[in-house]
Amino acid sequence: MSLTALFVLCRFAHFASLMQIFGLSVFCSLLAPAGFSAMLLRKNQTLMMWSGAVAAVTSVGMLSIQAMLMGNGWSDGLNLNVWLLVLTTTFGEVWRWHLLLTAALMLVLLMDWLSVRNLLVFLCSLGLLLSQALIGHAAMHDGMLGLIHRLNHMVHLLSAAYWFGCLLPLLACMYYTRKPELRPFAIATLIRFSTWGHAAVALVILTGIVNTAIVLQRWPTELTSLYQCLLVIKILLVGIMAAVAVYNRYRLVPLMGKDSGHTERRFVLMTWIEWGLSLLVLLLVSLFATLAPR
């Protein structure tokens, strides 16, 4: 495997794990009513811990791969001198704080007795996602345009993280709709998710258009460019995801009271499809980071 391919896979796993943690913290802590929140967190605890572990490993892994790319290949992957050199670059200046936040996140995840643990997990994941807007293509411009680009990309990352990261806890929450004593709390959580979900989907699309306008300064119609070709595929995938989300919300949800068993199975299937499509989008985004935007 080439170093470039390894970087793409590592970046993909890092993005997915951070967005998953963010979505879990938002869905279980901010959307769920008091009392039911703790129950949802316990049900998703394993997913949260594994996501944290992946985020920690891949944050160090990305630094190591950057050292290999900057140094003499695989032999410099564990060379601390090259690591220190990488940390003096533009990427490294951001990544120093990123590594500190990742360490803080792991520490907080292990402190399950802490009363403000969930809030701290949310804040750490928020900071880790926002830091991603300070490197890569989002940092290609200076001045006012650069500031607008970074701020727009921050909103893009957070809205995408809400959309992707809430899908698995959404499926966990569906389980509780079958329990009469917990059904009102589960439905209240789902309604809140849907309300904010409309805004998240709209923001993903709008900020994506702005990102494209700033980076390319034209619509991606030059399909001889690998970057633009992959961008078009990403746009199509996001469009399909939005269509699935609309179908779930406005076709399946109203039918749940009439034929709840069959409709719920369809809803779960469509949500898994939506989750799979979002993984493909994240993989494409990770690949974009290695390509020149032209």
Side-chain angles (χ1 to χ4, degrees), residues 1-22 50-110 121 123-143 145-147 149-154 156-158 160-161 211 214-215 226-227 230-231 281-294:
M1 180 184 293
S2 68
L3 288 177
T4 300
L6 183 61
F7 180 79
V8 170
L9 291 176
C10 191
R11 184 179 172 87
F12 162 71
H14 193 64
F15 261 116
S17 58
L18 288 183
M19 289 185 170
Q20 188 59 76
I21 294 170
F22 179 81
W50 274 108
S51 297
V54 171
V57 171
T58 51
S59 64
V60 177
M62 287 179 66
L63 175 62
S64 177
I65 296 169
Q66 286 289 343
M68 297 180 205
L69 292 169
M70 191 171 178
N72 296 313
W74 294 90
S75 60
D76 282 326
L78 297 177
N79 189 327
L80 293 181
N81 290 325
V82 182
W83 281 28
L84 292 174
L85 188 60
V86 171
L87 291 174
T88 63
T89 64
T90 302
F91 166 85
E93 290 175 358
V94 175
W95 216 249
R96 280 179 286 183
W97 293 103
H98 195 85
L99 289 170
L100 284 174
L101 268 178
T102 303
L105 173 64
M106 289 306 300
L107 182 62
V108 170
L109 285 175
L110 294 172
V121 168
L123 292 175
C124 286
S125 62
L126 176 67
L128 286 165
L129 284 171
L130 293 179
S131 70
Q132 296 289 331
L134 304 177
I135 56 176
H137 296 149
M140 63 189 292
H141 297 291
D142 296 320
L145 181 60
L147 177 62
H149 194 183
R150 290 174 181 83
L151 291 176
N152 181 77
H153 197 55
M154 287 178 181
H156 187 70
L157 286 170
L158 294 181
N211 272 343
I214 294 175
V215 173
L226 179 58
Y227 182 92
L230 293 176
L231 181 57
V281 171
L282 287 179
L283 185 59
L284 286 175
V285 169
S286 301
L287 183 55
F288 287 164
T290 65
L291 301 174
R294 58 178 180 82

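As the structure is a computational prediction, the values presented were derived from the model and not from experiment.
- The two residues Leu3 and Met68 make their nearest non-hydrogen contact at CD2-SD, 3.3 Å.
- Residues Met19 and Leu282 form a side-chain contact, since some pair of their non-hydrogen atoms from C-beta on lies under 4.5 Å apart.
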Check: residues 128-136 side-chain donor-acceptor pairs under 3.5 Å, at least two apart:
| unit_1 | atom_1 | unit_2 | atom_2 | d |
| --- | --- | --- | --- | --- |
| Ser131 | OG | His98 | ND1 | 2.7 |
| Ser131 | OG | Leu128 | O | 2.7 |

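- Using a 4.5 Å heavy-atom cutoff, the side chains of Val8 and Leu283 are in contact.
- Distance OG1/Thr4 to CG/Leu9: 11.0 Å, rounded to 0.5 Å.
- In this structure, CG in Leu63 is found 9.0 Å from CG in Leu84, a value given to the nearest 0.5 Å.
- Note on residues 51-71: pairs passing side chain to side chain donor-acceptor pair (under 3.5 Å), not counting sequence neighbours, are His14-Thr58.
- Annotation for Leu287 and Thr290: closest pair O-OG1, 2.7 Å, computed over non-hydrogen atoms.
- Shown here for Gly127 and Leu101, the closest heavy-atom pair between the two residues is C-CD1, 3.7 Å.
- Note that CG of Leu69 is 10.5 Å distant from CE of Met62, once rounded to the nearest 0.5 Å.
- More than 12 heavy atoms of other residues, nucleotides or ligands shown are found within 6.0 angstrom of CG on Leu226.
- Distance CG/Leu110 to CG/Leu105: 9.5 Å, rounded to 0.5 Å.
- A donor-acceptor pair is defined here as one N or O able to donate and one able to accept, closer than 3.5 Å; such a pair exists between the side chain of Trp83 and the backbone of Gly77.
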**OP:** Show the numbers, then the answer: is there a side-chain contact (heavy atoms from CB on, under 4.5 Å) between His153 and Ile214?
**Re:** CA-CA 11 Å; His153 197 55; Ile214 294 175; over 6 Å; no
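- For the pair Leu123/Val108, no side-chain contact is recorded, criterion being any heavy-atom separation below 4.5 Å from C-beta on.
- Between Glu93 and Thr88 the shortest heavy-atom distance is OE2-O, 3.9 Å.
- Between Ile21 and Ser125, the shortest heavy-atom contact is CG2-CB, 3.9 Å.
- Taking CH2 of Trp50 as the reference point, atom CG of Leu109 lies at 13.5 Å (rounded to 0.5 Å).
- The minimum heavy-atom distance linking Ala13 with Val54 is given by the pair O-CG1, 3.8 Å.
- Counting heavy atoms from C-beta on, the side chains of Met154 and Leu151 come closer than 4.5 Å.
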Original post:
Can you check side-chain contact (heavy atoms from CB on, under 4.5 Å) on Phe288 and Val215, steps first, answer last?
Top reply: CA-CA 12 Å; Phe288 287 164; Val215 173; over 6 Å; no
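- Here the straight-line distance linking atom CG of Asp142 with atom CG of Leu147 works out to 11.0 Å at 0.5 Å rounding.
- With sequence neighbours excluded, the residues forming a side-chain contact (heavy atoms from CB on, under 4.5 Å) with Asn72 are Ser75, Asp76, listed by chain and number.
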